[in-house]
Visitor: 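Let me begin by handing over the structure; questions about it come next.
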Amino acid sequence: MKAKTMDELAAFIGRTLKLKSLEPGAGMGTTRGWDSLAHVHLILALEEWAGVSVPPELMGELTTVEAIAAYLDAQGVLSR
C-alpha cells in the first residue's frame, strides 16, 4: 500500500467533516463542525481510508489533525 501524504490526510479529513477548508491546528472543539459525534464518524472513516485500527482508548487522544498524522506516521501509513 502506498503511504498517504499530509495533503491527502487533510483532504480526507475535510471531505469527511464536510469542511470548506481545513485550517492549520484544526481539531475537535476548535473547528466548526468537528464535534464529538463527527469525531466518531471521522475515526471510523479513517480506519477504512488508512487501513488501520484505532483502539477505542486512543479515540479521545486523536482529536487534532497533527495527532492523527502522528498516529498514522507511527503506524507506517503516513509519509511526512
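Predicted model only: the values in this text are computed from it and were never measured.
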Visitor: Distance check, rounded to the nearest 0.5 Å: K18 atom NZ versus R32 atom CZ?
Guide: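 So the NZ of K18 and the CZ of R32 are separated by 16.0 Å.
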Visitor: Over all heavy atoms of both residues, which pair between T16 and A45 is shortest? Give the atoms and the distance, please.
Guide: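 Closest heavy-atom pair between T16 and A45: CG2-CB, 4.0 Å.
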Visitor: Measure the shortest side-chain to side-chain distance between L42 and I68 over non-hydrogen atoms and say whether it is less than 4.5 angstrom.
Guide: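 Contact flag for L42/I68 side chains = yes.
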Visitor: Around atom CD of E57, are there more than 12 heavy atoms from other residues, nucleotides or ligands closer than 6.0 Å?
Guide: yes
Visitor: Using every non-hydrogen atom in the two residues, find where W34 and I13 come nearest and quote the distance to one decimal.
Guide: CZ3-CG2, 4.4 Å
Visitor: Do the side chains of L9 and W49 get nearer than 4.5 Å, heavy atoms only?
Guide: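 Counting from C-beta outward, W49 and L9 do come under 4.5 Å.
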Visitor: For P55 versus Y71, what's the shortest heavy-atom pair and its separation?
Guide: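 Nearest heavy atoms, P55 then Y71: CD-OH, 3.5 Å.
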Visitor: Main chain of M28, side chain of T31: is a donor-acceptor contact present, judged purely on distance under 3.5 Å?
Guide: no
Visitor: About how many Å separate CG of L46 and NE2 of H39, when rounded to the nearest 0.5 Å?
Guide: 9.5 Å
Visitor: Can you see which heavy atom on A38 is nearest to which on G33, and at what distance?
Guide: CB-O, 3.3 Å
Visitor: Does E8 offer a backbone N or O that forms a donor-acceptor pair with the side chain of T5 under 3.5 Å?
Guide: yes
Visitor: Does H41 use its side chain to pair, donor to acceptor, with the backbone of L17 at less than 3.5 Å?
Guide: no
Visitor: Where is the tightest heavy-atom contact between A50 and L72, given as atom of each residue plus distance?
Guide: CB-CD2, 3.8 Å
Visitor: Could you report the tightest heavy-atom contact between L78 and M6, atom names first, then the distance?
Guide: CD2-SD, 3.6 Å
